[in-house]
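Worksheet: the structure to be examined is printed underneath.
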Amino acid sequence: MDSFIACHECDVVHSIKTLPERGAAHCIRCGAVLYKHKPNSLERTLAFAIAGLILFILANSFPFLGLKIGAQVRETTLITGIHELYVQGMHVIAILVLMTTVLAPFIQMMCLFYVLLPLKFGRLPRRLPRVLRFLEHVLPWSMMEVFMVGILVSVVKLAGMAKIIPGISLYSFLALIFVLAAMTASLDGHLIWQKWEEHR
Ligand SMILES: [Zn+2]
């Protein structure tokens, strides 16, 4: 059974063919790239997801920032920071930060484990279509870099009043942003749908 794809530039509809190693399919009218073969997509995406999970655990277990005022040091973790925002009445911001920096990345990684681990071992996860579509809805919510900019702005503001001590969590968090970006980039949706169609 052939499936179809519309060019995102000019809307010409093409049928999807299996690509050779490292090949790319281009639009016949405008030449835009329709889809690419991503080498070892399954393994690479899984590797990034595992690295991401480790960084995620580190980012949520260790202090995010320490503030030194005089002789006093106050340490904040990601979660206590979010809680602090909430207690101070910034409910919407607290919920947004929780969703974009904790829940969305976590759900994203769990969805990928659910889909990719069985595929890696030649099995088909039963709820694959539902989980993949759910993942597409979650992805736009994963916006850790936006949060990061917010942190940098507040750190610059605080720098006059207190000494800032970056924690392990902050570094893990920075690394996590790049690892998750690489994970999303190496994910080959076409390959997964193809496997689903073949084995169903
Ligand atoms: Zn086109």
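Read the numbers this way: they start at 1 and go in the same order the structure lists the ligands and their atoms.
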**Prompt:** So how far is it from Met109 CE to Ile50 CD1, rounded to the nearest 0.5 Å?
**Reply:**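 Between atom CE of Met109 and atom CD1 of Ile50 there are 11.5 Å.
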
**Message:** Check the orientation of Phe173 and Phe64. Use parallel for under 30°, tilted for 30 to 60°, and perpendicular for over 60°.
**Reply:**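 Taking Phe64 first and then Phe173, their aromatic rings stand perpendicular (interplane angle over 60°).
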
**Asked** Can Thr80 and Thr77 be counted as having a side-chain donor-acceptor contact under 3.5 angstrom?
**Response**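 Judged by distance alone, the side chains do pair up.
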
**Message:** For the residue pair Thr45 / Ser186, report whether a side-chain donor-acceptor contact shorter than 3.5 Å exists.
**Reply:**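 Checked: Ser186/Thr45 side chains pair up, N/O donor to acceptor below 3.5 Å.
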
**Prompt:** Which other residues belong to the hydrophobic cluster containing Ile69, where Ile, Leu, Val, Met, Phe, Trp and Tyr are joined when side-chain heavy atoms lie under 4.5 Å apart, directly or via other members?
**Reply:**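 Result for Ile69 is none, singleton.
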
**Request:** Mind listing the protein N/O/S atoms less than 2.8 Å away from the Zn ion (ligand 1)? Waters don't count.
**Result:**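 Protein N/O/S atoms under 2.8 Å of the Zn ion (ligand 1): Cys7 SG, Cys10 SG, Cys27 SG, Cys30 SG.
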
**Prompt:** Knowing that exactly one of Leu187, Ile107, Val115 qualifies, which makes a side chain to side chain contact (heavy atoms under 4.5 Å, CB included) with Leu135?
**Reply:**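 Among the candidates, only Leu187 passes.
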
